[in-house]
Protein chains: 2
Amino acid sequence: MRVVVPFAANDPKTRLASVLDPEERRAFSRAMLGDVLEAVREAGGEPELLATAPLDADVPMTVDDRPLTEAVNAALEPETAVVMADLPLATPEAIEALFDASREVVLAPGRGGGTNALLSRQPGFRVDYHDGSFLKHRERAGELGSVGVIDSHRLATDIDEPADLVELLIHGEGRAADWLRDAGFELVRRESRLAIGRE
Amino acid sequence: MRVVVPFAANDPKTRLASVLDPEERRAFSRAMLGDVLEAVREAGGEPELLATAPLDADVPMTVDDRPLTEAVNAALEPETAVVMADLPLATPEAIEALFDASREVVLAPGRGGGTNALLSRQPGFRVDYHDGSFLKHRERAGELGSVGVIDSHRLATDIDEPADLVELLIHGEGRAADWLRDAGFELVRRESRLAIGRE
């Protein structure tokens with residue numbers, strides 16, 4: 001399965017700016033990308049980077065500096081999956097579930113209503129990542145044919161904000177979790193949920 | 001499968017007090033409980049309520065006003081599942097995955113490090129719901145035998161805070177989602193994630 005992985009090469013993860021400086025955010029986003037590429041490969045997928053600027057990586061790459069929606073639609077052919085680069089908790093099993101669902105369009109929602117991974121076998125399907133894309137994608141795909149939804153906490157957990165780092169420290173075992181722990185982050189207990197602290 | 005469902009009958013869901021008054025929180029928590037009981041039954045489970053005070057419900061009930069950890073441990077026998085009552089997105093499929101995992105202890109983590117559902121076939125296993133229970137449960141269970149972890153966004157989504165209501169409005173189709181919509185809540189778009197508004 002061809003798997004397009006969009007990646008913002010310049011100034012990534014701005015919503016983590018309160019806890020990571022620009023260089024740290026670049027390194028951390030590369031670590032997350034490494035985790036995603038490994039999970040995709042272990043699931044039997046063939047990843048292709050769709051980057052906003054050239055970067056050094058051992059994976060086929062298209063550079064497209066247009067906004068995400070336009071760039072993904074230009075790359076979208078039938079039998080293409082799109083997996084976001086900020087899913088360091090993605091497992092091969094969860095990606096396989098995306099590949100194996102026998103529907104024309106398969107969606108893995110992100111927390112907050114985004115679409116963290118999708119697979120399209122439907123030539124007419126187009127993405128629109130603005131403003132709660134999951135509901136729009138589900139509606140559009142339903143008009144075109146069959147739709148499947150993957151129920152995965154790991155695929156639902158895109159790392160955008162400091163609160164998301166908690167999930168990575170709880171469940172992560174890959175490059176991004178290691179990077180975060182090496183950078184001094186650790187779990188602290190606050191009320192009944194865990195939060196993050198930094199040494 | 002015997003499934004214990006703990007339920008706080010008095011002043012439930014205090015962290016929703018900024019958006020729901022006490023009577024609304026009682027009604028909403030009962031609607032969530034109804035969704036959970038239905039999903040458990042459809043998965044082939046036999047639910048038993050473990051309530052802090054008597055309430056009117058068509059399900060076997062134990063009343064135990066001790067804190068959650070003590071009450072659950074008193075109810076825990078081998079071949080028992082414990083499913084929280086604030087999981088209105090729980091599907092029969094996700095509950096079945098919990099039942100079907102062939103491990104001595106099976107855990108479904110909640111966002112933020114809690115344990116939203118578990119199954120124990122291990123006589124020595126005891127719960128401790130304080131402060132990031134998932135990591136503690138996984139460690140304890142691992143010392144006793146085999147451990148499985150269920151990867152489910154629906155089971156990970158316990159409804160504690162206003163931000164959690166977003167997930168219910170996006171994905172919910174049961175009593176609790178209906179209750180919330182009837183109470184005037186709707187999705188509003190804020191940055192790239194969805195939020196809630198009330199008419």
Side-chain angles (χ1 to χ4, degrees), chain A residues 14-15 67-69 84 89-97 107-117 128-138 149-158 160-161 163-171 173 186-196, chain B residues 14-15 67-69 84 86 89-97 107-117 129-138 149-158 160-161 163-171 173 186-196:
Chain A
T14 49
R15 281 193 278 162
L68 179 65
T69 294
M84 293 301 154
L89 295 178
T91 53
E93 293 73 22
I95 305 274
E96 280 169 21
L107 304 170
R111 183 175 163 91
T115 307
N116 285 354
D128 178 357
Y129 283 108
H130 302 101
D131 293 337
S133 64
F134 172 73
L135 291 174
K136 284 189 292 188
H137 287 156
R138 191 175 64 178
V149 177
I150 301 295
D151 174 22
S152 166
H153 176 56
R154 288 177 165 271
L155 293 182
T157 306
D158 46 325
D160 280 325
E161 304 175 354
D164 301 324
L165 300 177
V166 176
E167 298 306 305
L168 185 53
L169 289 176
I170 294 171
H171 299 287
E173 293 174 349
E186 60 185 6
L187 291 168
V188 295
R189 305 191 186 285
R190 193 169 62 191
E191 290 180 18
S192 69
R193 289 188 178 183
L194 296 170
I196 54 160
Chain B
T14 51
R15 282 193 278 164
L68 181 64
T69 294
M84 293 300 155
D86 59 355
L89 294 178
T91 53
E93 294 73 22
I95 305 275
E96 279 168 23
L107 304 169
R111 184 173 164 91
T115 306
N116 285 354
Y129 283 107
H130 302 102
D131 294 338
S133 65
F134 172 73
L135 292 174
K136 283 188 291 188
H137 287 156
R138 192 176 63 180
V149 177
I150 302 295
D151 175 22
S152 166
H153 176 56
R154 288 177 166 270
L155 292 183
T157 306
D158 47 325
D160 280 325
E161 302 174 355
D164 301 323
L165 300 178
V166 176
E167 298 306 304
L168 184 54
L169 289 176
I170 294 171
H171 300 286
E173 293 174 348
E186 60 185 6
L187 290 167
V188 295
R189 305 191 185 286
R190 193 168 62 190
E191 290 182 14
S192 69
R193 290 188 179 184
L194 296 171
I196 54 160

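In this text, all values refer to a predicted model and were calculated from it rather than measured experimentally. Lettering follows sequence order; numbering is per chain, from 1.
Counting all heavy atoms, side chain and backbone alike, A:L135 lies closest to B:I170 at CD2-O, 3.7 Å.
Rounding to the nearest 0.5 Å places CG of A:D151 at 6.5 Å from CG of B:L155.
Qualifying salt bridge (charged side-chain N to carboxylate O under 4.0 Å, His left out) partners for B:D86, counting only residues two or more places apart in sequence or in other chains: B:K13. Judged as a side-chain hydrogen bond (donor to acceptor under 3.5 Å, both in side chains), and not counting sequence neighbours, the contacts of A:T115 are A:S133, A:H137.
Considering only heavy-atom pairs separated by less than 4.5 Å from chain B, the leading option among A:H153, A:R138, A:R154, A:E93 is A:H153.
Atom CD of B:E173 is surrounded by 12 or fewer heavy atoms from other residues, nucleotides or ligands within 6.0 Å.
Contacts of B:L187 with chain A are made by side-chain atoms alone, with heavy-atom separations under 4.5 Å and no backbone atom involved. Neither the backbone nor the side chain of A:I150 comes within contact range of chain B; no heavy atom of the residue lies under 4.5 Å from a heavy atom of that chain.
Using cut-offs of 30° and 60° on the angle between ring planes, the pair A:F134 and B:H171 is tilted.
Checked by atom type and distance alone, the side chain of A:E167 never pairs as donor or acceptor with a backbone atom of B:R111 at under 3.5 Å.
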